[in-house]
Amino acid sequence: MADQIEATPEIREYVRAVSLREDPILTELREETAGLPAGTAMQLMAEEGQLLALLVGLCGATSVLEIGTFTGYSTLCMARALPAGGTVVTLDVNERWPAIGAGYWKRAGVADRIDARIGDATKTLAALADERGGESFDLVFIDADKANYGTYYEAALDLTRLGGLIVIDNTLFFGRVVDPDSQDPDTTAVRALNASLRDDPRVEVSMLTMADGITLARKK
């Protein structure tokens, strides 16, 4: 059986050269984000944004929930993949970062598909459940503070329709999940979620070793 090849810099550049379709608007947003404090560390990989757009299309999604907007690169990728009338509801605790993405959303012609909500995510998720009811989203993308990943996942599961998809970013968390000396709240929360997902009978699950770890959980 063939083992997984090492993702050398040369392999990553090859993959990017033959598969990435990032356009100038996305490139400009990514480059502006990279210039922010910790922007590079928090920035979504362009390849991951493209994967998210593909998953939105594969799900036939018309309603997407994003927990963690930052500067809205992933938001833009998913909004573009929606059909007319589709919506991305995106949550962030700080209005400063989504405000950067808003201009790019407008330039891309999808600002009307994006509903940005600012505030504590746990409270906003509870409000969405009251407002829209359960199982009201086709796809949920989680990329926010790691210490609350377990809480976000449970809320996402309630809000995702049967057969819908939950995508969780950073599930390898800079490799810290395999470092026994990493016992900070963020790493332990990611580890705990990873372990629980493996045995969660409510979903089908697959962890990808792409980017910083991406886990796909399809609601059964």
Side-chain angles (χ1 to χ4, degrees), residues 44 48-49 51-70 72-95 97-98 101 105 110 112-171 186 189-190 192-208 213-220:
L44 189 90
E48 186 175 356
L51 174 63
L52 286 170
L54 180 63
L55 292 172
V56 168
L58 288 173
C59 288
T62 60
S63 57
V64 172
L65 173 62
E66 178 178 49
I67 305 171
T69 314
F70 194 35
Y73 187 100
S74 52
T75 320
L76 176 53
C77 291
M78 293 188 290
R80 279 179 158 177
L82 288 170
T87 303
V88 178
V89 179
T90 184
L91 317 184
D92 206 279
V93 71
N94 188 329
E95 65 183 5
W97 309 126
W105 304 339
V110 295
D112 62 332
R113 300 181 186 179
I114 298 170
D115 177 4
R117 305 198 183 191
I118 306 300
D120 179 271
T122 55
K123 294 179 180 178
T124 307
L125 289 166
L128 280 170
D130 290 339
E131 173 188 327
R132 300 173 63 117
E135 301 189 348
S136 53
F137 289 95
D138 303 305
L139 183 146
V140 180
F141 178 47
I142 303 174
D143 184 17
D145 56 298
K146 312 311 170 197
N148 284 308
Y149 258 29
T151 300
Y152 297 153
Y153 170 71
E154 289 299 330
L157 198 61
D158 289 340
L159 287 165
T160 304
R161 66 165 170 82
L162 295 177
L165 187 65
I166 301 170
V167 184
I168 310 166
D169 199 17
N170 306 116
T171 48
D186 288 341
V190 174
L193 178 60
N194 288 343
S196 67
L197 279 168
R198 179 193 58 205
D199 301 319
D200 191 339
R202 300 170 295 177
V203 294
E204 298 169 312
V205 65
S206 180
M207 179 185 283
L208 310 180
I214 305 167
T215 296
L216 308 179
R218 181 176 179 268
K219 185 172 178 178
K220 295 166 66 175

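These figures come from a predicted structure and were not determined experimentally.
- Here the options are Val88, Ile214, Asp169, the test is side chain to side chain contact (heavy atoms under 4.5 Å, CB included), and the partner is Phe141; only Asp169 passes.
- Put simply, the side chain of Leu165 does not reach to within 4.5 Å of the side chain of Leu58, judged on heavy atoms.
- The closest donor-acceptor contact from the side chain of Asp138 to the backbone of Thr62 lies under 3.5 Å.
- Pairing each heavy atom of Val93 with each of Ile118, the nearest pair is O-CG2, 3.8 Å.
- Smallest separation of non-hydrogen atoms from Thr160 and Ala156: OG1-O, 2.6 Å.
- Separating the CG atom in Asn148 from the CD1 atom in Ile142 is a distance of 11.0 Å, to the nearest 0.5 Å.
- The two residues Ala144 and Gly68 make their nearest non-hydrogen contact at CB-CA, 4.1 Å.
- Remark: Asp120 does not engage Arg117 in a salt bridge, criterion side-chain N to carboxylate O under 4.0 Å.
- Here the side chain of Trp105 pairs a donor or acceptor atom with the backbone of Gly72 at under 3.5 angstrom.
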* Could you walk me through whether Leu44 and Leu52 pass side chain to side chain contact (heavy atoms under 4.5 Å, CB included), step by step? => CA-CA 11 Å; Leu44 189 90; Leu52 286 170; 4.1 Å; yes

* Asked: side chain to side chain contact (heavy atoms under 4.5 Å, CB included) between Glu204 and Lys220: does it pass, once the steps are laid out?
  -> CA-CA 7 Å; Glu204 298 169 312; Lys220 295 166 66 175; 3.9 Å; yes

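- The side chain to side chain contact (heavy atoms under 4.5 Å, CB included) with Tyr152 is formed by just one residue from the set Val140, Leu157, Asp145; it is Asp145.
- Distance CG/Leu76 to CZ/Arg113: 10.5 Å, rounded to 0.5 Å.
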* To do: Evaluate side chain to side chain contact (heavy atoms under 4.5 Å, CB included) for Glu135 paired with Leu162, printing each intermediate quantity in order.
  => CA-CA 7 Å; Glu135 301 189 348; Leu162 295 177; 3.9 Å; yes

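- Minimum heavy-atom separation, Gly49 to Cys77: O-CB, 3.4 Å.
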* Dump the intermediate steps for side-chain hydrogen bond (donor to acceptor under 3.5 Å, both in side chains) on Asp186 and Tyr149, then the final yes or no. => CA-CA 9 Å; Asp186 288 341; Tyr149 258 29; over 6 Å; no

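- Side-chain atoms of Val205 and Arg198, non-hydrogen and from C-beta on, never get closer than 4.5 Å to each other.
- Side-chain atoms of Leu139 and Met78, non-hydrogen and from C-beta on, do get closer than 4.5 Å to each other.
- Rounding to the nearest 0.5 Å places CG of Asp115 at 12.0 Å from OG of Ser63.
- Annotation: the span from Leu91 atom CG to Leu65 atom CG amounts to 5.5 Å, rounded to 0.5 Å.
- In this structure, CD1 on Ile168 lies 5.5 Å from OG1 on Thr215, to the nearest 0.5 angstrom.
- The two residues Val190 and Thr171 have their closest heavy-atom pair at CG1-O, 3.6 Å.
- Atoms CD1 and OG1, on Ile67 and Thr124 in that order, are 10.0 Å from each other to the nearest 0.5 Å.
- Across every non-hydrogen atom of Ala217 and Leu197, the tightest pair is CB-CD2, 4.5 Å.
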* Would Leu125 and Thr151 count as a side chain to side chain contact (heavy atoms under 4.5 Å, CB included) if you check the C-alpha gap in whole Å, the side-chain angles of each, and the deciding distance to 0.1 Å? -> CA-CA 10 Å; Leu125 289 166; Thr151 300; over 6 Å; no

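- Atom CD of Glu95 sits in a sparse spot, with 12 or fewer heavy atoms from other residues, nucleotides or ligands closer than 6.0 Å.
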